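Residue indices begin at 1 and follow the sequence shown. Start at 1 and go down the list; that is how both ligands and their atoms are numbered. All figures in this text were calculated on a predicted structure; none of them were measured in a lab.
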Amino acid sequence: RKRDDVDVEKLEQQVQDLDPKGSYTSFSDLPLSLPTQEGLKACHFTTLTPIQARAVPLALHGSDILGAAKTGSGKTLAFIVPVLENLYRKQCVGQDAGLGAMIIAPTRELAIQIFDVLVKIGRKGHLFSAGLVIGGKSLQEEQSALARMNIVVCTPGRMLQHLSQTALFSVDNVQMLVLDEADRILDMGFQRDLDAILEYLPKDRQTLLFSATQTKRVSDLARLSLRDPEYVSTSEQG
Ligand code: ADP
Ligand code: MG
């Protein structure tokens with residue numbers, strides 16, 4: 001066996017042994033791959049924010065999550081770290097692995113922000129390939145880039161366009177779906193696009209849904225997209 005396989009097995013065991021409801025204060029308290037640890041260190045992230053402290057262990061463990069916390073509470077890392085780690089441990093990265101994670105944001109600007117964080121945390125030794133699908137390039141250009149991505153950050157309308165028009169684009173290996181700012185996605189009228197996207201994705205995926213507010217429409221979406229979710233709210237603690 002290769003050394004990488006041994007490391008991944010060891011990490012997997014540590015994640016199995018982790019108490020997903022335990023209380024953790026630092027990223028270093030969690031079983032994270034060396035590339036992620038290095039990436040976080042390079043960005044000077046050490047202490048977990050409250051939403052990260054609750055969501056990351058649960059998400060590492062494989063749970064679906066419905067997360068509500070106000071703007072500025074650190075929701076981006078609460079999903080980026082589990083996406084990187086879960087794909088790493090499943091070895092769903094590299095040239096032939098296909099698309100392993102889809103991160104959906106309401107606007108192009110937000111998608112770009114998420115992509116920037118992903119790249120910063122991921123550049124210390126992770127081997128995934130990631131990209132943006134937010135329009136602004138031709139469908140064809142995006143299409144050929146998509147064929148090589150392990151992680152895509154996208155907006156709902158543009159992603160649905162690819163799913164319905166790009167015959168060669170497979171989402172059969174998608175392990176994780178992230179819906180960021182779900183309340184805004186719905187406010188912007190993307191409900192039908194989201195419903196259609198969900199139809200394309202494998203049912204046995206893990207889904208992380210984050211929202212700044214809890215509305216009726218968000219809980220309806222949660223019912224449709226999440227399986228037995230852990231509810232993580234830190235609105236009281238700020
Ligand atoms: P949200 O999505 O909840 O609005 P962000 O993920 O955009 O919040 O994070 C808000 C700010 O907090 C960003 O500038 C980010 O770099 C910073 N931040 C996030 N997590 C941490 C952390 N664990 N330690 C220090 N700063 C953090
Ligand atoms: Mg955010």
Side-chain angles (χ1 to χ4, degrees), residues 18 20 22-60 64-86 101-124 126 130 132-134 151-156 159 176-188 190 194 207-215 217-218 221-222 225-226 229-238:
L18 176 78
S23 83
Y24 305 95
T25 51
S26 302
F27 284 108
S28 60
D29 296 338
L30 299 171
L32 303 176
S33 67
L34 212 56
T36 296
Q37 290 181 43
E38 294 293 327
L40 290 165
K41 221 178 284 170
C43 296
H44 308 288
F45 294 130
T46 49
T47 309
L48 294 154
T49 68
I51 187 83
Q52 291 161 6
R54 295 200 45 213
V56 175
L58 288 163
L60 288 175
D64 278 8
I65 289 186
L66 174 51
K70 69 179 187 190
T71 301
S73 53
K75 293 190 288 296
T76 317
L77 286 180
F79 60 80
I80 293 241
V81 170
V83 163
L84 286 174
E85 288 300 296
N86 294 357
M102 183 182 291
I103 300 172
I104 303 180
T107 65
R108 296 169 65 164
E109 292 68 30
L110 276 162
I112 292 167
Q113 282 177 28
I114 293 166
F115 181 76
D116 288 346
V117 177
L118 179 63
V119 168
K120 273 190 192 141
I121 303 298
R123 73 178 160 205
K124 293 283 175 185
H126 272 302
L132 282 161
V133 167
I134 54 176
I151 303 172
V152 65
V153 186
C154 58
T155 47
M159 181 44 67
M176 297 184 79
L177 170 68
V178 177
L179 302 171
D180 189 29
E181 305 224 9
D183 45 356
R184 269 184 80 190
I185 294 178
L186 297 171
D187 287 346
M188 290 176 66
F190 284 125
L194 268 192
T207 306
L208 312 178
L209 187 160
F210 286 92
S211 180
T213 58
Q214 299 160 48
T215 62
R217 279 194 296 185
V218 169
L221 175 63
S225 60
L226 301 171
E230 293 287 348
Y231 181 69
V232 176
S233 164
T234 60
S235 29
E236 307 92 325
Q237 305 157 37

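With sequence neighbours excluded, the residues that form a salt bridge (charged side-chain N to carboxylate O under 4.0 Å, His left out) with E38 are K41. Here R184 pairs with E181 under the salt bridge (charged side-chain N to carboxylate O under 4.0 Å, His left out) rule; sequence neighbours left out. Residues passing the salt bridge (charged side-chain N to carboxylate O under 4.0 Å, His left out) test with D116: none are found, sequence neighbours excluded.
Distance CD1/I151 to CZ/F115: 9.5 Å, rounded to 0.5 Å. Atom CG of residue L40 and atom OG of residue S28 lie 10.0 Å apart, to the nearest 0.5 angstrom.
In this structure, ligand 1 sits under 4.0 Å from heavy atoms belonging to F27, F45, T47, T49, Q52, K70, T71, G72, S73, G74, K75, T76, L77.
Between the side chains of Q113 and T76, no donor-acceptor pair is found at a separation under 3.5 Å.
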